[in-house]
Amino acid sequence: MNSTPTTPRLRFAPSPTGYLHVGGARTALFNWLYARHYSGTLILRIEDTDLERSTPEMVDGILDGLRWLGIDWDEGPYFQTQRMALYRAAAGALLNSGHAYYCFCTREQLEKQRAQGVAEGRVTRDACRAVNRDEAKKRTEAGEGAAIRFAVPESGSTTFEDAVFGRVEFANSEIEDFVLLRSDGVPTYHLSVVVDDIDMRMTHVVRGADHLSNTPKQMMLYEALGKPMPVFAHLPLILGPDKTRLSKRHGATSVIAYKEEGIVPEAFRNFLALLGWTPPDSSREILHDKELIDLFELSQIQKSNAVFDRSKLDWFNTEYIRATPAALLLPLIEEEWKKAGIIPFQTSREAMEATVDLVKARARNLKDFATLCRAYFTDMFEIDPAARDKFLKDDAVRAMLGDLALRYQSATEFTEASTEQVLRDFAAEKGVKAGGLINGARVMLTGQGVAPSLFAVMTNLGQERTVARLKNTNDRRLSS
RNA sequence: GUCCCCGUCGUCUAGCCCGGCCUAGGACAUCGCCCUUUCACGGCGGUAACACGGGUUCAAAUCCCGUCGGGGACGCCA
């Protein structure tokens, strides 16, 4: 019956009770990578059945996060709150087939049962399972509130072959009679996922390992509903540096926070992909989207949890910034300029790109471009006090820079080679080391102690600005 | 507490399935040196791991058992 090979259908199914966090992003990424690798379909489904905690803002937040990450989907977003009829019908069917029953227990009764179960080291079966069907029907018709629970077999075990973890087995006696439909008619997670995954014809369920122990419950539903099982793949969790689950106290957990910190999306993707997955050639780590997609396989996924290593992310980011042509970087960088209040006086695209190229080897993130580029685009910049103390505290150097400005002013040629020649000749003449003048001049021209090669800076700035800034040596309250 | 999963440098990992080629490889981080015009980059080198204990075997990071450690799940949350 399964003779026709079907293209894979996967889904990312976040619940909008928070922003897209790192773990969710990694799950989304792996689903995306797999779907793209096999030319399958990726579906976005919003699991908003927790009416209290789900908000439309969070839906937007998640969508923004995915878009920033560059993860696109083929169908959806579907919203579970708009599919309630489907879940209720399934619950009804399960009731009719004897796989489920009404539960009239109060919260207190349930707590008591649970406490007893824990004390005895076993799962207690719900007392209402014993309530006879006709009586239960009568009671609900009389208006008594009732949840619908699944009747889990008391013996035997449920086994499955996880694509990551291999064979996993749970004793049915360990599984409680979980709720399918709450007394207010809203489905729980177990019911809605399974019904949707069936209805949306999912072939693969790739999700966090925190769902491993939910899997047998959901398998029981597939079976009771008489539907074929998808492939399950559970992803190891992402941990903080202290090896506990990644949370707010570990710093940024929202994906958007990384955008704000100046991380390049492709670098983030690369980093995330390697958190728990290894390409066949593990020595290659810088992998662009196409390579990631080509190489991605479920079988190469790690079983053990992985610690989120911020310094490695930063390394990826640096690598991507350096390798990306200025033309592609520019739109991202311009946002940072805007935030920093820089209005570039150089309007030519070429000039901007040249500056970005000049400076980008020193950038660790996109935000760095605001400081790094400032002096090239505006005269409104401060001299970094630390740089001043380090390179300009010598009065003699400052005086010489003023004289040097005059040399540049009268220069007929202004190239990297010629400006260097002028400076070195000048230093030789004065009997001082060129290095001291170079460092001092760099601070005058850029305001920074950390900047590119001086003569590249000069030619980028142009003769006029170079001269003007060097002349200012004594005007800038340097000795204060 | 019960059940499930995991356990190689600080971190991500290769090797484990099919024991010997492992004196355990790579990357990030870290330390040192070189380059040098600051800071990066780059080059070279260093420190650093098979959780522990028992087996099995001529031989174990690799197979088996146990212990310990970590994580997850036990909701009318997802």
Side-chain angles (χ1 to χ4, degrees), chain A residues 13-18 47-50 52-54 80 103 105-107 110-111 114 117-123 145-149 162 164-166 168-171 173-176 178-190 192-193 207-216 234 236-237 239 241 243-245 271 274-278 280-286 302-316 318 322 359-364 372 387 390-391 420 423 433-443 446 448-455:
Chain A
S15 74
T17 54
E47 311 218 318
D48 54 353
T49 55
D50 184 342
E52 263 97 76
R53 295 192 298 153
S54 300
Q80 291 193 317
C103 171
C105 291
T106 61
R107 207 163 273 276
L110 289 172
E111 268 164 34
R114 216 163 2 243
V118 170
E120 292 171 17
R122 62 184 179 83
V123 175
I148 296 175
R149 286 181 185 273
D162 188 90
V164 171
F165 285 94
V168 183
E169 182 172 7
F170 288 87
S173 60
E174 293 292 334
I175 300 167
E176 76 284 1
F178 53 96
V179 171
L180 261 20
L181 210 62
R182 295 182 254 253
S183 48
D184 61 2
V186 177
T188 64
Y189 166 71
H190 295 297
S192 57
V193 240
R207 67 212 330 182
D210 46 344
H211 288 294
L212 203 57
S213 52
N214 287 329
T215 307
H234 289 91
L237 268 18
L239 272 26
K243 307 238 184 178
T244 63
R245 206 173 178 173
F271 167 70
L274 261 39
L275 219 51
W277 171 77
T278 316
D281 174 5
S282 66
S283 68
R284 290 198 55 218
E285 300 200 293
I286 299 288
Q302 209 72 19
K303 287 194 188 79
S304 46
N305 295 342
V307 172
F308 186 90
D309 182 1
R310 183 54 202 259
S311 59
K312 187 126 188 186
L313 202 213
D314 289 332
W315 173 74
F316 273 109
T318 310
R322 283 203 298 161
V359 133
K360 79 180 179 188
R362 282 157 187 81
R364 200 110 179 112
L372 254 24
K390 191 170 177 192
F391 299 116
E420 177 160 8
L423 188 141
K433 282 174 100 177
L437 292 176
I438 288 173
N439 291 336
R442 183 183 294 106
V443 176
T446 65
Q448 307 281 313
V450 176
S453 162
L454 178 66
F455 307 104

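Order of the sequence lines fixes the chain letters, A, B, ..., with proteins taken first and strands second; residue numbering starts at 1 for each chain. Heavy atoms only: backbone and side chains are in, while hydrogens, waters and symmetry mates are out.
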If we take the P atom in both B:rU30 and B:rC39, what is their distance in whole Å? 16 Å
Which part of the nucleic acid, if any, lies within contact of A:Phe316, taking any heavy atom under 4.0 Å across all strands shown: a base, the sugar-phosphate backbone alone, or nothing? nothing
Give a yes/no on whether any side-chain N or O of A:Arg149 is located under 4.0 angstrom from OP1 or OP2 of B:rC76. yes
Answer yes or no: are there more than 12 heavy-atom neighbours, outside A:Glu52 itself, under 6.0 Å from its atom CD? no
Of the listed B:rC3, B:rU38, B:rG26, the closest approach to the A:Glu174 side chain comes from B:rC3
Candidates B:rA73, B:rG71, B:rC6 - which lies nearest the side chain of A:Lys303: B:rC6
Does the side chain of A:Lys243 get closer than 4.0 angstrom to OP1 or OP2 of B:rU11 through an N or O atom? yes
What is the distance, rounded to the nearest whole Å, between atom CG of A:Asp281 and atom P of B:rG25? 17 Å
If you measure from the C1' atom in B:rA24 to the same atom in B:rA61, how many Å do you get, rounded? 8 Å
Think A:Arg114 has a side-chain N or O under 4.0 angstrom from the OP1 or OP2 of B:rC76? yes
Separation of the C1' atoms in B:rG10 and B:rC76, to the nearest angstrom: 45 Å
Nearest-nucleotide pick for A:Asp50, side chain only, options being B:rC12, B:rG71, B:rA78: B:rA78
Students often get this wrong, so: under 4.0 angstrom with heavy atoms, is A:Asn214 touching a base, only sugar-phosphate, or nothing? base
Using the side-chain heavy atoms of A:Val450, tell me which of these nucleotides is nearest: B:rC39, B:rC12, B:rC4. B:rC39
Using 4.0 Å as the upper bound for N to carboxylate O, is an ion pair formed by A:Asp50 and A:Arg53? yes
Side-chain contact check for A:Trp315: nearest option of B:rG42, B:rA29, B:rC76 is B:rA29
Do A:Glu285 and A:Lys312 make a side-chain contact, defined as non-hydrogen atoms from C-beta onward lying under 4.5 Å apart? yes
B:rG75 C1' sits how many Å from A:Arg107 CZ, rounded? 8 Å
